[in-house]
Visitor: 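Sharing a structure, written as structure tokens. Questions coming.
Basis for what follows: all heavy atoms, side chains included, without hydrogens, waters or symmetry-related copies. On a predicted model such as this, the values are computed, not experimentally measured, just so you know. Remember, it's 1-based here, ligands and their atoms both numbered in the order they're listed.
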Amino acid sequence: MAKANDNYLRLPGNYLFSTIGQKVREYQEAHPEADVIRLGIGDVTQPLAPEIIGALHKAVDEMGAAETFKGYAPDLGYAFLREKIAAFDYQSRGCDISPEEIFISDGAKCDCSNIQEIFSVDNTIAVCDPVYPVYVDSNVMAGRTGLYDTAAGAYKDVVYMPCTAQNGFAPELPQGKAPDLIYLCFPNNPTGAVMKKDRLQEWVDYANKNGAIILYDAAYEAYISEEDIPHSIYECEGARGCAIEFRSFSKTAGFTGLRLGFTVIPADLEADGVRLWPLWARRHGTKYNGAPYIVQRAGEAVYTEEGRAQIKNQIAYYMDNARIIYEGLQSAGYEVSGGVNAPYIWLRTPDNMTSWEFFDSLLSKANVVGTPGSGFGPAGEHYFRLTAFGTKENTIRAIERIRERM
Ligand code: PLP
């Protein structure tokens with residue numbers, strides 16, 4: 001008899017955003033007149049930049065002519081894109097990363113959830129708390145963890161590294177036995193916090209000393225506005241010896257619907273004497289057929305002079321929303337952080353409300369949707385995430401409503 005993979009049964013309830021979607025649907029059914037503004041899920045709203053649209057059209061035409069038609073893409077992705085990434089994202093910032101170390105994919109979610117496959121199921125994992133839920137859930141699905149503590153809202157066999165107001169929402173180095181795989185994400189989703197270079201360097205040194213691998217999610221690096229904040233972990237000395245990095249075109253260039261990302265695995269990176277590059281290459285070759293040619297051409301357009309200028313404007317648009325949210329809430333007396341180097345604003349709920357109490361109150365009184373901090377981990381309780389990805393008009397209206405009605 002066929003048996004289901006019971007690792008999936010160890011996952012608690014629903015994916016956070018499904019629960020939010022369900023609650024919003026129920027509210028709208030009960031109040032069809034309500035004009036609900038969504039500042040919850042981290043999806044972009046601005047259309048693709050003209051340079052990208054131009055590249056898409058051109059690539060579509062190429063697919064229609066025998067001389068320029070493309071079938072399966074090369075396993076690692078097209079060289080024209082990997083070369084641009086290596087030059088603009090890495091070498092220009094002094095990082096020693098070559099095109100051959102870049103694996104093109106259809107986004108960071110797949111890569112940061114699939115990467116655990118090339119590591120032993122016996123490896124222990126450490127995550128920030130609060131955390132992007134994909135890291136933990138993908139490990140549970142793979143059978144790596146599964147002892148869920150419902151009361152604590154956390155897995156017993158995962159090392160949660162609290163990110164609190166006291167540590168600037170960036171975790172301390174773990175005490176005691178070192179975890180094997182360490183997921184770090186900066187600029188952070190959900191807190192919008194960043195890690196300065198000296199602190200990230202401490203993590204790199206720690207990982208090298210303990211034989212741990214850092215899985216560094218830099219999906220939001222394009223939002224960094226301040227100096228002295230690394231855009232890549234490879235800006236730290238020794239990171240080639242202990243780190244894998246994930247990047248995404250989703251928030252950088254509005255590709256959430258188009259789908260494009262990449263993973264960097266240094267050619268000489270090893271886990272317990274085994275090189276990881278060939279394992280990921282093998283996985284990529286076996287289980288994946290690559291991002292579409294058309295989309296990789298669109299990705300290439302992000303690096304042209306016009307493309308870079310247009311993307312910069314788009315990010316500035318969202319970061320102006322972040323400023324509106326941050327300043328609006330701060331002047332209304334909320335305790336807020338994030339929003340300066342990231343499109344996320346992290347606020348402390350008023351009157352010690354739980355995150356879900358605040359969610360319900362915000363939805364019913366202000367008709368604004370955000371994301372409860374507790375959905376990202378136990379240390380997210382009493383916090384709430386708003387995103388800067390709405391339209392400017394909706395962002396202004398949402399903040400006015402919060403100030404007037406909450
Ligand atoms: N990593 C983090 C931290 C994210 O917040 C997201 C998306 O919200 C992703 C990865 C996924 O990005 P992609 O759209 O490239 O799959």
Side-chain angles (χ1 to χ4, degrees), residues 15-18 20-21 38-46 48 52 77 81 85 89 102-116 125 127-139 161 163 169-171 182-195 214-224 231-233 243-264 288 290-292 295-296 298-299 302 311 314-315 318 322 338-339 341-346 370-371 373 375-377 380 385-390:
Y15 186 58
L16 172 63
F17 293 103
S18 316
I20 292 172
R38 291 160 197 268
L39 300 183
I41 196 164
D43 198 359
V44 293
T45 48
Q46 292 297 295
L48 292 166
I52 295 166
L81 179 56
I85 292 169
D89 289 327
I102 294 162
F103 294 78
I104 305 297
S105 72
D106 60 357
K109 190 189 217 174
C110 312
D111 286 355
C112 62
S113 61
N114 289 327
I115 196 72
Q116 43 75 29
I125 68 161
V127 293
C128 291
D129 172 18
V131 64
Y132 178 53
V134 168
Y135 312 142
V136 177
D137 288 359
S138 56
N139 276 286
M161 306 182 291
C163 298
F169 300 103
I182 301 165
Y183 288 83
L184 293 179
C185 169
F186 290 98
N188 189 262
N189 176 14
T191 66
V194 284
M195 213 189 249
I214 297 177
L215 303 168
Y216 194 73
D217 186 343
Y220 297 97
E221 66 75 34
Y223 288 81
I224 295 173
H231 288 238
S232 162
I233 194 165
I244 290 175
E245 180 164 293
F246 309 100
R247 292 268 187 111
S248 168
F249 285 71
S250 286
K251 312 300 160 66
T252 306
F255 277 47
T256 52
L258 212 51
R259 310 301 308 144
L260 192 65
F262 59 91
T263 290
V264 181
Y288 183 58
V295 177
Q296 295 196 44
V302 168
I311 294 318
Q314 218 165 53
I315 290 172
Y318 292 130
N341 296 294
Y344 295 118
I345 287 86
W346 190 238
T371 312
F376 297 102
R385 189 192 77 172
L386 291 175
T387 89
F389 289 123

Visitor: Nearest protein heavy-atom contact for atom 14 (O) of ligand 1: which residue, which atom, what distance?
Guide: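 Result: S250 OG, 2.6 Å.
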Visitor: Are the side chain of T371 and the backbone of G40 linked by a donor-acceptor contact shorter than 3.5 Å?
Guide: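 Here the side-chain-to-backbone pair exists.
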Visitor: Short question: side chain of Y318, backbone of Y223 - any donor-acceptor pair under 3.5 Å?
Guide: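 Answer holds: no.
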Visitor: I'd like to know whether ligand 1 has F255 as a neighbour, heavy-atom separation below 4.0 Å.
Guide: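 No; F255 lies far enough from ligand 1 that no heavy-atom distance drops under 4.0 Å.
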Visitor: Going by the atom numbers of ligand 1, which of them fall below 4.0 Å from some non-hydrogen atom of D217?
Guide: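 What qualifies from ligand 1 is 1 (N), 2 (C), 3 (C), 10 (C).
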Visitor: Which residue owns the protein heavy atom closest to atom 11 (C) of ligand 1, what's the atom, and how far is it?
Guide: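 Going by distance alone, atom 11 (C) of ligand 1 is nearest to Y132 OH, 3.4 Å.
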Visitor: Check each atom of ligand 1 against the heavy atoms of C185 and keep those under 4.0 Å away; list them by number with element.
Guide: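 Ligand 1 atoms under the 4.0 Å threshold to C185: 3 (C).
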Visitor: For ligand 1, which atoms have a heavy atom of G107 less than 4.0 angstrom away?
Guide: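 Under 4.0 Å from G107, ligand 1 has these atoms: 15 (O), 16 (O).
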Visitor: If you measure every N/O of A219 against every N/O of ligand 1, is any gap under 3.5 Å?
Guide: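 Min N/O separation from ligand 1 is not below 3.5 Å for A219.
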Visitor: Which residue and atom name correspond to the protein heavy atom nearest atom 4 (C) of ligand 1, and how close is it?
Guide: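 In this structure, atom 4 (C) of ligand 1 has Y220 OH, 3.4 Å as its nearest protein heavy atom.
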Visitor: If you have a sec, work out which protein heavy atom is nearest atom 7 (C) of ligand 1 and how many Å separate them, to one decimal?
Guide: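 Protein heavy atom at minimum distance: K251 NZ, 3.3 Å.
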Visitor: Quick one, L260 and L81 - any side-chain contact, counting heavy atoms below 4.5 Å?
Guide: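 A side-chain contact under 4.5 Å exists here.
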Visitor: Check whether any side-chain N or O of T45 sits under 3.5 Å from a backbone N or O of F389 as a donor-acceptor pair, and report yes or no.
Guide: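 Side chain of T45 to backbone of F389: a pair is present.
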Visitor: Counting each atom of ligand 1 from 1 as listed, which ones have a heavy atom of N189 under 4.0 Å away?
Guide: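 It comes down to these atoms of ligand 1: 3 (C), 4 (C), 5 (O).
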Visitor: Using only atom types and a distance under 3.5 Å, with no angle test, would you say the side chain of R385 pairs donor to acceptor with the backbone of I345?
Guide: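 It does not hold such a pair.
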Visitor: Going by the side chain to side chain donor-acceptor pair (under 3.5 Å) test, name the single residue among Y135, Y183, Y132 that passes it with D217.
Guide: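 Between D217 and the candidates, side chain to side chain donor-acceptor pair (under 3.5 Å) is satisfied uniquely by Y135.
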Visitor: Test your reading of the structure: does T256 have an N or O sitting under 3.5 Å from an N or O of ligand 1?
Guide: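 No: no nitrogen or oxygen of T256 is under 3.5 Å from one in ligand 1.
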Visitor: Using side-chain contact (heavy atoms from CB on, under 4.5 Å), reason through I182 and M161 one step at a time and then give a plain yes or no.
Guide: CA-CA 10 Å; I182 301 165; M161 306 182 291; 4.1 Å; yes
Visitor: With a heavy-atom distance limit of 4.0 Å, tell me whether F246 approaches ligand 1 through its side chain, its backbone, both, or neither.
Guide: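 No part of F246 is near ligand 1 at this cut-off.
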Visitor: Tell me, with the steps shown, if I115 and F246 meet side-chain contact (heavy atoms from CB on, under 4.5 Å).
Guide: CA-CA 10 Å; I115 196 72; F246 309 100; 3.7 Å; yes
